[in-house]
Number of protein chains: 2
Amino acid sequence: MERETPEAAPPLTFLRGEEASSGSSSARARFERLIRRVQAEVCAALEAVEEGSGGGGVVFREDAWTRPGGGGGISRVLQGGRVFEKAAVNVSVVYGVMPPDAYRAARPDAAAGAEKAGPVPFFAAGVSSVIHPNNPFAPTLHFNYRYFETEAPQDAPGAPRQWWFGGGTDLTPSYIIEEDIKHFHSVQKQACDKFDPTFYPRFKKWCDDYFHVKHRGERRGVGGIFFDDLSDHDQETLLDFVTDCAASVIPAYIPMDPIIECRKDTPFTEDHRAWQQLRRGRYVEFNLVYDRGTTFGLKTGGRIESILVSLPLTARWEYDHKPQEGTEEWKLLDVCINPKEWI
Amino acid sequence: MERETPEAAPPLTFLRGEEASSGSSSARARFERLIRRVQAEVCAALEAVEEGSGGGGVVFREDAWTRPGGGGGISRVLQGGRVFEKAAVNVSVVYGVMPPDAYRAARPDAAAGAEKAGPVPFFAAGVSSVIHPNNPFAPTLHFNYRYFETEAPQDAPGAPRQWWFGGGTDLTPSYIIEEDIKHFHSVQKQACDKFDPTFYPRFKKWCDDYFHVKHRGERRGVGGIFFDDLSDHDQETLLDFVTDCAASVIPAYIPMDPIIECRKDTPFTEDHRAWQQLRRGRYVEFNLVYDRGTTFGLKTGGRIESILVSLPLTARWEYDHKPQEGTEEWKLLDVCINPKEWI
């Protein structure tokens, strides 16, 4: 019933051939090492939180899959933990040739000289993760960092090679706890400011614009940073930048002034839980209706379970639910409708 | 936070002007009476089931809404019943002019002579309903019947008036109970056979093809009947046909050899419930990713709560869940992957 068979052997050995010495390939190799390290570190950090909460038996399971056209990935999923209802950290590295249409869709601004060109060799690698905790006061976290390269089209060798980075980290709480959101945004801003003072304001706004549940007129959550097609600095600088962004995930979310360590045991009622479940429903709406990675994946026959692992374990839709003005639930909805500056 | 304001006064008085005496308007008036009667009857039947189960306090709430361009609708929703987790029966009647693009999208086969024409006056009316029971052995039911008319484009008065019917009734169980599914399909077939012996096989297949969760390779459920753009019999005959289809909803679902009356009290375990919730997740995937009414409604700014009332109260996504071969859960999945002939 599955299109692709998970394999027992985990390592991305099919990537080894990529680790050559040209500028391009060394960026690929460095990015590949980055995403695998991030996957290992984030999973270890979440398992440590489970362990510290007496839920030590719950660990990540791992599925490796290969893509017939070239490449593959490793999905790591923890489900039914004491702290985390469902958490997934996926890496994938895919390469091959893409039809000219897909190339133009991926890079509308690029390839003016390649308009009538044939198939385009490409390389894409990324890490993506969604973490849904049980406690309604502990927010959902999502992050994704990816690197993309295209070669000159096969029959137009003069056209330039293209590369770019994309990604971001964003937070989706069910309740507004200002200090948590400020902490989260501050860590994102620190990672950005080291490289370019325009990054945080630009990527913060990009995030608010991207995670827009249009039919609700709401953002999915309280944002963070998001960017795409990023190639306006040199490759090394941007590699350093996404490395720092990825390294900020755990300090922004788990231990310090901390979101998860503080909120995972906050007492809550059935009403808090029902509201969390309603907000999870909005999360599902965004991911299935708008999210580019998800909708693209569904249409192009990727591994379904790896694509839809971002969906929460449970969600809820109540007809015409409207929180009463002034309540905590109303405050959350208000900032989702009117994104605000947190820091 | 809502785009359209529910109104206190329920009757569709804004439609009265439509009840003129031409052939077209009498079809409109007859169809309008039909959908309002169906709404009243189905809601009364479901309330009677609740009443008979000691859940008499739970009744349908009603919201009327108007569409700025012309027309409006009435949503009736019952939530949190003893038998029904969430049930909705909506009627809407909308009219106005639509841009030529929308006209061509709605009727790609029509209007060869109207290709360069201006805005097209249209009239659309329908009843749609989704009923999600609590008990995992009681299936979800969906039905929708609609009538559409377009006039000649305003600047091409020679082009013909178009009209057509669409709709269907389909069943989404979490467990296969053959006698229930056979009963359900038999009632659909009876309604079809009275009019045309080709209807049931044609519309049964159309239903299997339409309710296809492509990225899963699964149908949403065990089908029923579905058709669209139906205008290949005279208008009176097709009005009689959809009237009979709509009249078959209650006998197919509620009382007789019955699905709901029998299954609403079947004992079940947490595992049965979890499987039902997983299947509800697939229901959400179909509705948000593929369903034409839903995706069209989200893009064109209809009343969101009336569009998304089809979503279940709760749903669940477990990573890479695969029922064991031979189990009851596996049997359901198997018929969703390989639609079968039930009668």
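Given the structure is predicted, the values throughout are model-derived calculations rather than measurements.
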key: Residues in side-chain contact (heavy atoms from CB on, under 4.5 Å) contact with A/Ser306, at least two apart in sequence or another chain   = A/Trp65, A/Ser75, A/Asn90, A/Arg303
ask   = Got a second to check how far B/His215's NE2 is from A/Leu308's CG, nearest 0.5 Å?
value = 5.0 Å
ask   = Is it the side chain or the backbone of A/Glu218 that comes within 4.5 Å of chain B heavy atoms, both, or neither?
value = neither
task = Might you work through the side chain to side chain contact (heavy atoms under 4.5 Å, CB included) test for A/Val289 and B/Leu298, ending with a clear yes or no?
result = CA-CA 9 Å; A/Val289 178; B/Leu298 295 184; 4.0 Å; yes
Atom pair CZ/OH of A/Arg61 and B/Tyr319 - distance to nearest 0.5 Å = 5.0 Å
key: For A/Arg316, all residues meeting side-chain contact (heavy atoms from CB on, under 4.5 Å), sequence neighbours excluded   = A/Ala274, A/Gln277, A/Leu278, A/Glu318, B/Leu313, B/Thr314
note = Counting heavy-atom pairs under 4.5 Å with chain B, the top scorer among A/Val309, A/Val77, A/Thr295 is A/Val77
